[in-house]
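In the text below, chain A, chain B and the rest are named by the order of the sequence lines, each starting its count at 1. Computation of the quantities below employed the complete heavy-atom set of this structure, encompassing side-chain atoms and omitting hydrogens, waters and symmetry-equivalent molecules.
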Amino acid sequence: MTLKKGWIVSFIIVVIVLAGFVWAIKKGASSDRCDYDGTRIEPLYAVYFFLQDGSEKKFCSVVCASMSFSALKKQIKVVRVADESSGAKIIASQAFFVESEVVTVPHIKNRIHAFAKKEDALNHLQKFKGRWIENPLDMSIK
Amino acid sequence: MILNALSITVIFIGVLSALLAIWGGILSFVLYRRWKRPFIPEEKASLEDRSYLVLLIMVIVLVIRLFDWPLFYVTLQSFISDIEGAMCIYGVTQVRPGLTRFLEFLKPVNFFLIGGWFLLHLLDRATKTSPLMKRKLLLLFILSLLVLIDSLGDIFLILGIAPESLVSCCTTVTDISNRPTRTTPLSIFGPEYAQSLRVLFFITHLALIGFIGLSLKFKIFRRPILGLLFLFAILNATFFLLSQVEVFAPAMMHLPFHHCLYCLWQYVPDSIVMYLLFILGTFSVGWGFTTELFGRHGDTVELLTVFFKKIYTFAFFFLSAFLIMLIIHLLVD
């Protein structure tokens, strides 16, 4: 009987400790991580989806954003990307996209760069053997 | 080689356990061969003394190898910042993919076999006549070979991982639509496979806990029953793996499109405790069966029921604790 009681008490203690641990981790969870793979976001290469319900999804790169794009497309109100020259958030449809040799986010080998100004994009393209590409997050494409 | 405290520890343990595994393996084989011959009392005393020395040293080596499994992953985790393109352990495994995959397979096998051997050792020590000594020595010889391979693998892997290696990480593999963990259940259950996997896992897991509880309550520890329990635990482990990758890990990480278990350990560290509980619970079911398979001999027969009760109580406890942790996570999420 004593042995059984001991088991039950230790079981409850373990569960309480573990529950506390879970809660502590949830509380301390970082908010600046990519909503696709959880990696830390470098603001200069970030992509933001503003959804119909008012919430926001953040991504570390155009590659991660485009992998979530098809699943979230119906809920997206507007897509913004960070201008690689200034860090400012610009609407994706107004940005200039270049694919070059430069890898911005190594773990997914993102080579797609977004710029607000055409001169900056052209400058990058000439400097790093790039090419123009269409907006990979184009809302108008069905 | 990436030099840090963990990599040096792994190499040190690897060299030490490789040398001792060679010594212990040869001696245990020699002792096993001699044990079956009839001998005079003096010869027997000398043989027993040598056996106990080998067992004592090999027990220490095997305990160290048990801890080597988590240490292996902690060491790989410590390499992430030095490997370009790695965001979790998966990236580090891509530097030497063949060898790492082999070691990732070998380590749980060794952990299971070492645990099973320890139970036989404990059972044998609880008797007065050591009826399992011969089997123990033979199994120790086989284990020494595996420990030797594992230790050498560790050394070569750690020496072979060069800093600044460029790799692709998990996103490019675990999240593609034709990953086997998705296509297999998709072909069986259809587009709603995730829900089916979730339900199926809970059913098999609860059934496993229930069967263990019934075995404990009615003290049914017959070989076919224990064998079936072990097979059912393997089936449950398969569903565990599939449901973790496809359903539970993305939910726990709050990343619905990401299916990497290494990332889960990184973002939700208590999932390591959860996985440890599941592994120990599943392995305990297997250890019960291996104890029945190799431990039923002479004096041990009387002790087996008490041993089974302890082993399956542990299995019941670990699997229940895992389930509670998982449910807490899903409720919190």
Side-chain angles (χ1 to χ4, degrees), chain A residues 3-4 6-42 49 51 55 57-73 75 101 103-111, chain B residues 80 83-88 90-92 94 164-177 249-250 252-260 262-264 266-274 277 309-310 313-314 316-318 320-333:
Chain A
L3 184 72
K4 271 188 183 174
W7 271 107
I8 293 165
V9 170
S10 45
F11 192 81
I12 292 168
I13 290 169
V14 168
V15 168
I16 291 169
V17 168
L18 295 178
F21 199 39
V22 171
W23 179 77
I25 288 160
K26 298 280 165 199
K27 209 180 160 197
S30 167
S31 61
D32 63 346
R33 55 178 208 162
C34 174
D35 280 320
Y36 186 80
D37 60 17
T39 193
R40 194 172 294 280
I41 293 175
E42 171 61 57
F49 291 172
L51 307 184
S55 62
K57 295 268 179 204
K58 305 179 291 295
F59 301 96
C60 63
S61 63
V62 174
V63 171
C64 273
S66 48
M67 286 202 271
S68 311
F69 189 61
S70 55
L72 293 170
K73 202 171 177 183
Q75 304 167 47
E101 284 183 337
V103 175
T104 57
V105 185
H107 74 271
I108 35 114
K109 295 204 167 56
N110 177 60
R111 294 174 190 276
Chain B
I80 292 172
I83 307 289
E84 204 182 333
M87 57 176 272
C88 67
Y90 183 87
V92 182
Q94 294 312 293
E164 309 301 322
S165 305
L166 183 65
V167 294
S168 293
C169 207
C170 51
T171 315
T172 53
V173 177
T174 58
D175 299 339
I176 52 171
S177 59
M252 284 190 277
M253 287 191 286
H254 293 272
L255 303 170
F257 308 113
H258 196 43
H259 301 271
C260 177
Y262 299 120
C263 283
L264 175 73
Q266 195 165 256
Y267 301 142
V268 190
D270 65 318
S271 63
I272 298 168
V273 180
M274 208 167 84
L277 289 170
K309 227 178 143 186
K310 282 182 184 166
T313 306
F314 273 119
F316 187 85
F317 171 78
F318 288 134
S320 305
F322 158 77
L323 188 65
I324 289 171
M325 268 192 89
L326 180 67
I327 291 170
I328 290 173
H329 256 292
L330 297 177
L331 289 177
V332 172
D333 293 334

Practice prompt. Take A:Asp32 and A:Arg40, measure what salt bridge (Lys or Arg N to Asp or Glu O under 4.0 Å) needs, and give me the verdict at the end.
Written response: CA-CA 6 Å; A:Asp32 63 346; A:Arg40 194 172 294 280; 3.6 Å; yes
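Note that SG of B:Cys170 is 6.5 Å distant from CG of A:Asp37, once rounded to the nearest 0.5 Å.
Side-chain contact between B:Thr172 and A:Lys109: absent, with no pair of heavy atoms (C-beta onward) separated by less than 4.5 Å.
Ranking A:Pro106, A:Cys34, A:Gly38 against chain B, the residue ahead of the rest is A:Gly38, based on heavy-atom pairs under 4.5 Å. Your options are A:Thr39, A:Val105, A:Val103, and the one with the most heavy-atom pairs under 4.5 Å with chain B is A:Thr39.
Other residues, nucleotides and ligands contribute over 12 non-hydrogen atoms within 6.0 Å of the CZ atom of B:Phe257.
In terms of the side-chain hydrogen bond (donor to acceptor under 3.5 Å, both in side chains) criterion, residue partners of B:Asp175 (sequence neighbours excluded) are, by chain and number, A:Tyr36, B:His258.
For chain A, no part of B:Tyr90 is nearby; none of its heavy atoms comes within less than 4.5 Å. In this structure, the portion of B:Ile324 lying under 4.5 Å from any heavy atom of chain A is its side chain and not its backbone. Interface remark: B:Thr174 contributes no atoms to any contact with chain A (heavy atom separation under 4.5 Å).
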